[in-house]
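Please read the structure below before turning to the comments.
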Amino acid sequence: MNGAKKFHKPTGPAFHEGQLWVGSGNLKCWIVKVEKYPNHAGIYTSDYEVTYKYIDGKECKKDAWNFQVRYQHIADFAI
């Protein structure tokens with residue numbers, strides 16, 4: 001890659017249940033589920049809500065675009 005951040009499709013394998021993502025300060029979280037918002041076409045990354053869990057068990061939700069701005073999929077570290 002040329003240093004650009006890779007954005008994953010919220011319907012792709014990086015968003016399957018149990019996938020590991022890492023944020024700043026090496027903060028790790030795992031995907032719990034991804035759902036399309038009601039009445040959204042599903043063509044934009046922000047049309048999907050990501051539910052994710054931290055190691056302490058706390059669950060949070062963000063739309064998929066905002067989630068990817070803050071977290072990076074573990075596989076992207078190898079690129």
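Hydrogens, waters and symmetry mates play no part in the numbers below; they use all other heavy atoms, side chains included. The model shown is predicted, which means the values in this text are computed figures rather than measured ones.
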Please list all pairs meeting salt bridge (charged side-chain N to carboxylate O under 4.0 Å, His left out) that have one or both residues in residues 23-33, counting only residues at least two apart or in different chains. Lys33-Glu35
A side-chain contact here means heavy atoms from C-beta on lying under 4.5 Å apart; do Thr51 and Lys61 qualify? yes
Which atom names give the shortest non-hydrogen contact between Ala64 and Thr45, and what distance separates them? CB-O, 3.2 Å
To the nearest 0.5 Å, tell me how far Ile43 CD1 sits from Lys36 NZ. 10.5 Å
Apply side chain to side chain contact (heavy atoms under 4.5 Å, CB included) to Ile55 and list each qualifying residue two or more places apart in sequence or on a separate chain. Trp30
Tyr54-Ile31 co-clustered via ILVMFWY side chain contacts under 4.5 Å: yes
Report whether Phe67 and Leu27 are members of the same hydrophobic cluster (ILVMFWY, side-chain heavy atoms less than 4.5 Å apart, transitive linking). yes
List the residues meeting side chain to side chain contact (heavy atoms under 4.5 Å, CB included) with Asn39, not counting sequence neighbours, and say none if there are none. none
Assign the ring pair Tyr37 / His40 to parallel, tilted or perpendicular, where the plane angle (0 to 90°) is split at 30° and 60°. tilted
Roughly how far, to the nearest 0.5 Å, is NZ of Lys58 from NZ of Lys53? 13.5 Å
Hey, could you give me each pair passing side chain to side chain donor-acceptor pair (under 3.5 Å) that has a residue in residues 10-22? Not counting sequence neighbours. Gln19-His73
With sequence neighbours excluded, tell me which residues meet ring pair (Phe, Tyr, Trp, His ring centres under 6.0 Å) with Tyr44. none
Could you tell me if the side chain of Phe7 sits less than 4.5 Å from the side chain of Val69, heavy atoms only? yes
Set of residues satisfying ring pair (Phe, Tyr, Trp, His ring centres under 6.0 Å) with respect to Tyr48, sequence neighbours excluded: none
Interatomic distance, Cys29 atom SG to Lys62 atom NZ [nearest 0.5 angstrom]: 9.5 Å
Do you know which two heavy atoms are closest between Lys9 and Phe15, and how far apart they sit? O-CD1, 3.3 Å
